[in-house]
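Step one of this worksheet: look at the structure below.
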Amino acid sequence: MLYSRYFIPTIKETPSDAEVVSHQLMLRAGMIRKLASGIYNYLPLGLRSLRKFENIVREEMNKADAIEMLMPSVQPAELWQESGRWAFYGKELLRFKDRKEAEFCMGPTHEEVITDMVRREIKSYRQMPLNFYQIQTKFRDEIRPRFGLMRGREFIMKDAYSFDVDSAAADLSYEKMYNAYMRIFERCGLNFRAVEADTGSIGGSSSHEFMVLADSGEDAIVSCNACRYAANVEKAESPLFTASSDAALEALVKVSTPEMKTIADVAAFMHVASNTTIKTLVYASEAGDLVMALLRGDHELNELKLKNHLGWDDIQMASEEQILACTGSPVGFLGPIGLKREIPVIADRVVQGMTNVVVGANEKDQHFKNVNCGRDFDVSTFVDIRIVAAGDACPRCQSGKLEMWRGIEVGHVFKLGTKYSKALNATYLDANGREQIIFMGCYGIGIGRTVAAAIEQNHDENGIIFPIPIAPFHCSVVAVNTKDSGVMAAAEEIYLCLEKLGIEVLFDDRDERPGVKFKDNDLIGIPIRIVVGSKGLAEGNVEVKIRSTGEVLQLSLGEVVSAVTLRIGTALAHSQ
RNA sequence: CGGUGAGUAGCGCAGCCUGGUAGCGCACCUGCCUUGGGAGCAGGGGGUCGCUGGUUCGAUUCCAGUCUCACCGACCA
């Protein structure tokens, strides 16, 4: 490719509205341009990287026996009404009507469409297992699109759906996809973790997220430093609580604690450690149901765990009026003792072993000390509702400690069970001629997001450092002075030779000063740069610079093509 | 959705308080010069100041409305 004939509109200054590095660099490198909030043009260079990654995904999907197809992005409302998600999905689902007033939506995901196809075509157990995938544009009307391709509204996704005769067979399909995902992200040279995850709005029984580690990641994850346990913090189990104290129970005392509203204030005021206090929270459902949650003072509530435990669709902190009505106390002095109105009290498991603790007295400026569960108040259920913290013991191996990371969710695999097949009545006949419900799984990879995550993980102050498998070009040839016919001839020959060998080369033949070309080459992240200049050429040499390491090699004209080809070939083979 | 802030040339911004039809840097075009890390000189093109209405002789500037965009959003009982 001739740079002068191609289209790479690079930007010198960092656009002011780009917050994260990958967004800034993709704009500056001329890979993307914003069309509207969360909606982007993929410019030629950006598209090349996306296609590279898509092809890696495609290869691994095919190897794992998934079959490619393509579904429409516009979907009829009826299917969504049938699955029950038309009402459930909320504003993220972009809905509209056609000229006949028939309702449609832009597909945010394709369980309904694929399940509809399968129920029409699949009749027998002999036709399974089946796994269909597509690489296609999705639309989700996100509340707050941000970070460029990281959280767009329109985005490219690979989604796959498996269909099996029973749960055990579905587990095998899940396993195959899990392994394929591991290979995909390994091939891209990414530092990532596969973590246990909540199933969220997609539903289903269990799932893993694939998280690229990056400080700018929107998710918090933990992993054990001894065993393979890793989980999204939303999902991460806290370690089993151990041993209760055998301290003697002391008499309950009410203490005046004026204006002491936070755990830190109260603990400091009473000269106790915050882990000998109990934090009392009141939560409400949308319907107005209330629940009280108790946690050790230095712990934090995992709202998702509480919500899942209660089986509520929605959970939020109770309003001050709601709190006053059930406890009789303003926020800051809440506790489980002497409630005005009976509400369920859910306590974290750790609370069970605490003795002589401090809690709010449900009275302004008053706390109790020497409070003991069972004697002074009752708990409806003890259950794990706290957010794990770095340094917690691993819930699996017990011996390891949990480490915390920030992660970017680039892939997600779910066991769906029969959630959609039941709703849409996707059945088959088993060997005995009996009708059975199909077991499903679904598997997604954010294509644009993965490329962005790769940039997030591979860049320096000069720009992107693309891993060769997803770089838009393998290498570039830079002619230092285009007016020098000797330089141009030598550069062109190298360029043509490499192209002939199937290497993707960007030939920077622009009539620009060398500094401009070097800056652009660094910015757009070309992994290997071949510089042809008059000085080196006088000695029969060209310079080869490796973007990732900064390594500079002086190679003769005779050896440069084979050396570069070998290097690229090795990098690509290594990633297969 | 709520809070905050911003819309002036392709990009980044100034001007607005104190109304008189707009400026800077980068980018772009022409010429000269230059060619190993975003050079220099000279000349030039480009803006109904987000939109609508109001006040005024006159509005980018003041007022009202509206649209768009960006950032933040329980850190807690």
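So that the names make sense, note that chain A is the first sequence line, chain B the second, and so on, each numbered from 1. Below, all heavy atoms of this structure are taken into account, side chains as well, without hydrogens, waters or symmetry copies.
Side-chain N/O atoms of A:N481 and base N/O atoms of B:G36 include no donor-acceptor pair closer than 3.5 Å. With hydrogens and angles ignored, a donor-acceptor pair closer than 3.5 Å exists between the side chain of A:K545 and the base of B:G37.
Only A:V331, A:G332, A:L334, listed by number, bring a heavy atom of residues 330-346 of chain A to less than 4.0 angstrom from any atom of RNA chain B. Using a 4.0 Å cutoff on non-hydrogen atoms, the parts of residues 522-530 of chain A near RNA chain B are A:D522, A:L523, A:R529, ordered by number.
Contact annotation: A:R513 does not reach the phosphate of B:U34 (side-chain N/O to OP1 or OP2, under 4.0 Å).
On the C1' atoms, B:G47 is 27 Å away from B:C41, given to the nearest whole Å.
Between A:R386 and A:D392 there is a salt bridge, with a side-chain nitrogen of the basic residue lying less than 4.0 Å from a carboxylate oxygen of the acidic one.
Nearest heavy-atom pair across A:K364 and A:F333 is CA-CD1, 4.0 Å.
For A:A197, the side chain to side chain contact (heavy atoms under 4.5 Å, CB included) test picks out A:S207, A:E209, A:H412, with sequence neighbours left out. Residues that satisfy the salt bridge (Lys or Arg N to Asp or Glu O under 4.0 Å) test with A:E218, not counting sequence neighbours, are A:R146, A:R151. With sequence neighbours excluded, no residue satisfies ring pair (Phe, Tyr, Trp, His ring centres under 6.0 Å) with A:F368.
Base contact: A:E512 has a heavy atom under 4.0 Å from a base atom. Residue contacts shown for A:R510 are absent, as no nucleic acid heavy atom lies under 4.0 Å away.
Map A:K279 and A:K483 each onto its nearest nucleotide of RNA chain B; the residue landing nearer the 5' end is A:K483. For A:R146 and A:K12, each mapped to the nucleotide of RNA chain B holding its nearest heavy atom, the one lying further toward the 5' end belongs to A:K12.
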For nucleotides 7-15 of chain B, give me one character per nucleotide, 5' to 3': B if any protein heavy atom sits under 4.0 Å from the base, S if the only such contacts are to the sugar-phosphate, - if neither. -----SS--
